[in-house]
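All remarks here apply to the structure that follows.
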Protein chains: 4
Amino acid sequence: MNLPTKRKEMMNRLLKGQVVKTVLAMIQEGTSITMDQVAARCGVSKGTLYNYFKNKKDLLNYVHEAVITPIKKGSSKIFKKNIPPMEKIYAFVGNVFDFQREYPLYFKFIQSQRSAADAVTERMDVVIIPLVNVCREGMRQGQFMDADPYVMAAMIFGSVVGPFESLTYRDEPLQDLEKLKQEIVRFLDKCILKEQERSS
Amino acid sequence: MNLPTKRKEMMNRLLKGQVVKTVLAMIQEGTSITMDQVAARCGVSKGTLYNYFKNKKDLLNYVHEAVITPIKKGSSKIFKKNIPPMEKIYAFVGNVFDFQREYPLYFKFIQSQRSAADAVTERMDVVIIPLVNVCREGMRQGQFMDADPYVMAAMIFGSVVGPFESLTYRDEPLQDLEKLKQEIVRFLDKCILKEQERSS
Amino acid sequence: MNLPTKRKEMMNRLLKGQVVKTVLAMIQEGTSITMDQVAARCGVSKGTLYNYFKNKKDLLNYVHEAVITPIKKGSSKIFKKNIPPMEKIYAFVGNVFDFQREYPLYFKFIQSQRSAADAVTERMDVVIIPLVNVCREGMRQGQFMDADPYVMAAMIFGSVVGPFESLTYRDEPLQDLEKLKQEIVRFLDKCILKEQERSS
Amino acid sequence: MNLPTKRKEMMNRLLKGQVVKTVLAMIQEGTSITMDQVAARCGVSKGTLYNYFKNKKDLLNYVHEAVITPIKKGSSKIFKKNIPPMEKIYAFVGNVFDFQREYPLYFKFIQSQRSAADAVTERMDVVIIPLVNVCREGMRQGQFMDADPYVMAAMIFGSVVGPFESLTYRDEPLQDLEKLKQEIVRFLDKCILKEQERSS
DNA sequence: TATGAATGAGACTTCATTCAT
DNA sequence: TATGAATGAAGTCTCATTCAT
């Protein structure tokens with residue numbers, strides 16, 4: 001790789017990174033994503049944007065990938081690990097808390113920029129189906145309670161992701177996320193594990 | 001009420017009903033909602049649409065109301081009833097199953113047509129907060145397990161609504177919704193009630 | 001003329017009169033003239049309006065005629081009279097004051113509903129040209145000062161019609177229109193008549 | 001200022017100037033001003049128009065400013081000068097003749113694009129009220145005849161601006177505007193000044 | 001004849017995309 | 001390669017006019 005190419009590569013990453021940050025900020029704010037606005041807030045011209053992205057859809061796909069990749073990676077790493085199923089659940093909780101900012105952002109992104117159908121599909125592929133498999137595994141190994149794995153997976157997803165949405169609606173604000181995490185883990189234990197398997 | 005007024009009233013309902021059906025179908029499909037398209041698919045001209053709705057926002061609000069009103073009504077009736085907390089949870093499950101089509105539609109609607117913030121707010125006000133209150137009530141009365149009520153409410157919501165989304169993703173399709181309902185109820189029993197309170 | 005025809009004729013006049021009043025009021029208010037609004041304010045349906053007027057242009061023409069006809073009549077009667085030229089000027093002043101409401105209305109009408117060119121043409125035909133002729137007559141008879149008759153006519157028009165527009169802009173409001181009229185007449189005397197012809 | 005900015009600035013002026021010319025021509029013709037038509041006659045696309053003007057109102061305001069600014073400037077310069085009142089009147093006549101094209105255009109513009117009320121207000125503020133003040137000054141100094149200053153101002157305005165409108169209606173066309181100006185000045189002298197003040 | 005719901009041409013405006021510089 | 005002016009398709013909305021009842 002020669003110098004100019006290196007330089008180009010750097011510019012490429014710099015700008016694309018800026019685009020991701022900008023678009024996510026705009027989604028957070030609820031402002032509508034126009035190429036004009038993205039260009040202006042990235043400090044480049046609209047034309048330049050089109051040198052880096054084929055079109056708007058391409059740009060949004062890039063942002064989407066940028067958001068989902070770390071989450072996906074974390075998830076797949078967890079679910080592929082050779083550890084007991086309940087450990088996978090704990091790891092999943094940890095992952096969601098680690099990406100406490102990216103998670104809602106990701107959902108906001110697919111909600112606002114993709115069709116509802118796409119949003120569901122993605123959630124299924126990335127989170128629910130793997131969770132279903134973990135539940136099945138846990139049941140097969142006799143550690144998890146018997147239940148419809150799809151119901152159990154939905155329960156897990158709800159219990160872990162849902163509380164983040166209600167954070168600002170609590171009567172008495174919760175400062176310590178660590179405490180919330182422990183609450184969730186304790187709760188999942190009781191809902192998932194057979195009694196004899198529970199530590200507490 | 002004289003005849004012409006009656007007739008007009010009927011037409012009014014007919015068209016507005018048609019609009020609701022059409023818009024929901026379009027959201028389902030993921031096609032973007034334009035006044036042109038809505039008019040065309042309702043078999044009327046664009047102008048006619050504007051005789052019935054002040055503007056696009058008004059039209060979407062109408063659809064929103066049409067979807068949310070029965071759900072809200074059902075919800076508030078349940079949560080105001082003077083019955084044991086767990087009965088309220090059962091009734092809530094029943095309500096979601098009764099509106100098995102409207103529920104996801106409703107969430108798709110607010111996701112696609114409103115800001116993400118609005119979507120969350122609505123979900124909070126209509127479902128989560130009442131569920132939180134029911135959980136608090138159950139805990140105070142000693143029937144529910146001790147837990148963070150927000151976590152428990154999120155769990156309930158996830159367990160009841162989530163499975164509908166995964167219906168089409170199941171390995172072996174589930175024909176009998178009644179069975180799913182029983183599964184969910186059984187599962188909620190185990191997650192919510194203290195052991196001595198459980199029937200089974 | 002049989003009864004039903006008579007009745008029809010009456011309805012015709014009644015509605016058309018109402019339309020004239022309504023349209024003029026709307027022009028006065030500065031609200032935009034739509035067939036919907038005219039119909040509503042006349043207490044009839046839009047369809048009915050189209051039974052009485054071929055189209056909007058036709059309706060506006062009717063209003064125009066209704067406003068201009070009395071003014072025109074008054075004017076032409078004055079200018080055709082066999083009286084000394086200065087008497088015609090006095091009569092013109094009287095006519096403008098008699099139609100103190102209709103005059104500005106008329107000008108507002110042609111300004112808002114017709115092209116600027118039409119407005120000028122009408123003013124020329126109805127007022128300026130006759131005034132020019134009176135001035136010429138007065139000069140020929142040796143009673144009026146020598147001047148360009150078009151300038152003198154413009155002066156007369158300005159002096160008589162202009163003050164109505166400035167009524168609300170006066171430092172100290174003028175209640176008595178009669179006094180204004182005398183001021184104008186006195187002023188015109190000095191501007192138009194040769195000195196030996198002046199009464200005062 | 002660097003080259004591209006200079007260039008842009010030039011284009012900016014070129015197009016905006018073209019727009020002013022076009023809109024005034026359309027008003028002159030009596031054709032209705034639509035963004036489509038303005039764009040077409042300026043040889044640009046509708047979108048381009050919106051790159052230069054925020055919206056239609058903004059565009060019309062620009063045209064309005066372009067027409068009124070030179071007139072206003074000329075007027076205010078005259079009326080603020082420290083010269084005898086009659087000299088101000090002469091200067092006013094000169095100004096109107098200098099802007100012989102812009103003056104009627106200006107009035108046509110506000111008549112066709114603004115409410116009648118606005119049109120009157122503008123005429124009052126820009127021309128009549130200053131004239132009223134000059135008349136008062138002249139009367140106080142004993143050079144002008146005693147009269148209602150509002151009537152005298154209206155007379156002056158009518159005498160100076162009116163003849164332009166009747167130009168094309170004259171029996172024998174007047175080629176020499178200088179002659180008309182002298183006629184008007186001579187006429188105003190007789191109408192405004194006390195006899196002992198007149199030069200002729 | 002009266003009604004007013006339906007119509008659709010046409011107005012204003014936005015914004016993704018192109019392209020000359 | 002960067003720029004941003006120009007473009008025009010597509011969207012929202014208004015309103016004069018028609019026509020079935």
Side-chain angles (χ1 to χ4, degrees), chain A residues 4 7-8 11-12 15 32-40 43-60, chain B residues 2-5 7-8 11-12 14-15 32-40 42-59, chain C residues 4 7-8 11-12 15 32-40 43-60, chain D residues 2-5 7-8 11-12 14-15 32-39 42-60:
Chain A
R7 189 185 148 73
K8 179 184 159 186
M11 283 303 295
N12 193 30
L15 177 58
S32 61
I33 315 293
T34 72
M35 295 299 269
D36 263 285
Q37 279 303 304
V38 174
V44 298
S45 76
K46 232 185 321 184
T48 302
L49 236 46
Y50 278 88
N51 287 334
Y52 287 84
F53 303 99
K54 194 154 55 70
N55 51 31
K56 193 183 181 180
K57 202 179 152 196
D58 186 37
L59 183 150
L60 287 177
Chain B
N2 52 11
L3 260 298
T5 305
R7 191 185 149 71
K8 179 187 163 185
M11 285 305 296
N12 195 30
L14 235 64
L15 178 57
S32 63
I33 315 294
T34 75
M35 294 302 267
D36 268 288
Q37 278 305 305
V38 174
C42 286
V44 298
S45 79
K46 227 182 331 181
T48 300
L49 235 45
Y50 279 91
N51 287 335
Y52 287 83
F53 304 98
K54 197 154 55 65
N55 51 33
K56 190 182 183 182
K57 201 179 152 196
D58 187 37
L59 183 148
Chain C
R7 189 185 148 76
K8 177 184 159 187
M11 284 302 296
N12 194 31
L15 176 58
S32 61
I33 315 292
T34 72
M35 295 301 268
D36 263 286
Q37 280 302 305
V38 174
V44 298
S45 78
K46 233 185 321 181
T48 302
L49 237 45
Y50 278 88
N51 287 334
Y52 287 84
F53 303 100
K54 195 154 54 71
N55 51 30
K56 192 183 182 181
K57 202 178 153 197
D58 186 36
L59 183 149
L60 287 176
Chain D
N2 53 10
L3 259 299
T5 306
R7 189 183 152 71
K8 179 187 161 184
M11 285 305 295
N12 194 29
L14 235 64
L15 178 57
S32 63
I33 315 294
T34 75
M35 294 301 269
D36 268 285
Q37 278 304 305
V38 174
C42 287
V44 297
S45 79
K46 230 182 327 181
T48 301
L49 235 45
Y50 279 90
N51 287 335
Y52 286 83
F53 303 98
K54 199 154 53 66
N55 51 33
K56 191 182 182 181
K57 202 179 150 196
D58 186 37
L59 183 149
L60 288 177

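Every chain is numbered from 1, with letters handed out A, B, ... down the list of sequences.
Interatomic distance, CG of C:N55 versus CG of C:L49, reported as 11.0 Å (0.5 Å rounding). A:L59 contributes atom CG, which lies 5.0 Å from atom CE of A:M35 (distance to the nearest 0.5 angstrom).
Contact annotation: C:N55 side-chain N/O to F:dA16 OP1/OP2 distance is not under 4.0 Å. The phosphate of F:dA2 (OP1 or OP2) has a side-chain N or O of A:Y52 nearer than 4.0 angstrom.
Atom P of nucleotide E:dA11 and atom CG of D:L59 are separated by 15 Å, given to the nearest angstrom. Atom CG of D:L14 and atom C1' of F:dA5 are 14 Å apart (whole Å). One can place CG of D:N51 at 13 Å from C1' of E:dA16, the figure rounded to the nearest angstrom. Distance, B:Y50 OH to F:dC15 P: 13 Å, rounded to whole Å. Distance B:K57 NZ to F:dC13 P: 11 Å, rounded to the nearest Å.
Of the residues near DNA chain E, B:V44 and A:K54, the one whose nearest nucleotide (by heavy atom distance) lies more toward the 5' end is B:V44. Map B:M35 and A:L49 each onto its nearest nucleotide of DNA chain F; the residue landing nearer the 5' end is A:L49.
Across all strands shown, C:I33 has heavy atoms under 4.0 Å from sugar-phosphate atoms exclusively, and none from any base. Residue-level contact check: D:F53 touches neither bases nor backbone, having no heavy atom under 4.0 Å from any strand.
Contact of D:D36 with E:dA11 (side chain to base): no donor-acceptor pair of N or O atoms is detected under 3.5 Å.
For residues 45-54 of chain C, the set of pairs meeting the side-chain hydrogen bond (donor to acceptor under 3.5 Å, both in side chains) definition, not counting sequence neighbours, comprises C:D36-C:K46, C:S45-C:T48.
Applying the ring pair (Phe, Tyr, Trp, His ring centres under 6.0 Å) test to D:F53 and every residue at least two apart in sequence or in another chain returns D:Y62.
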Set out, line by line, the N/O atom pairs under 3.5 Å between protein and nucleotides 8-10 of chain E.
{"unit_1": "E:dG10", "atom_1": "O6", "unit_2": "B:K46", "atom_2": "NZ", "d": "3.3"}

- Task: Report the secondary structure of DNA chain E in dot-bracket form, marking unpaired bases with a dot and bases paired to a different strand with |, and treating Watson-Crick or G-U pairs with both distances under 3.5 Å as paired.
- Result: .||||||||||||||||||||
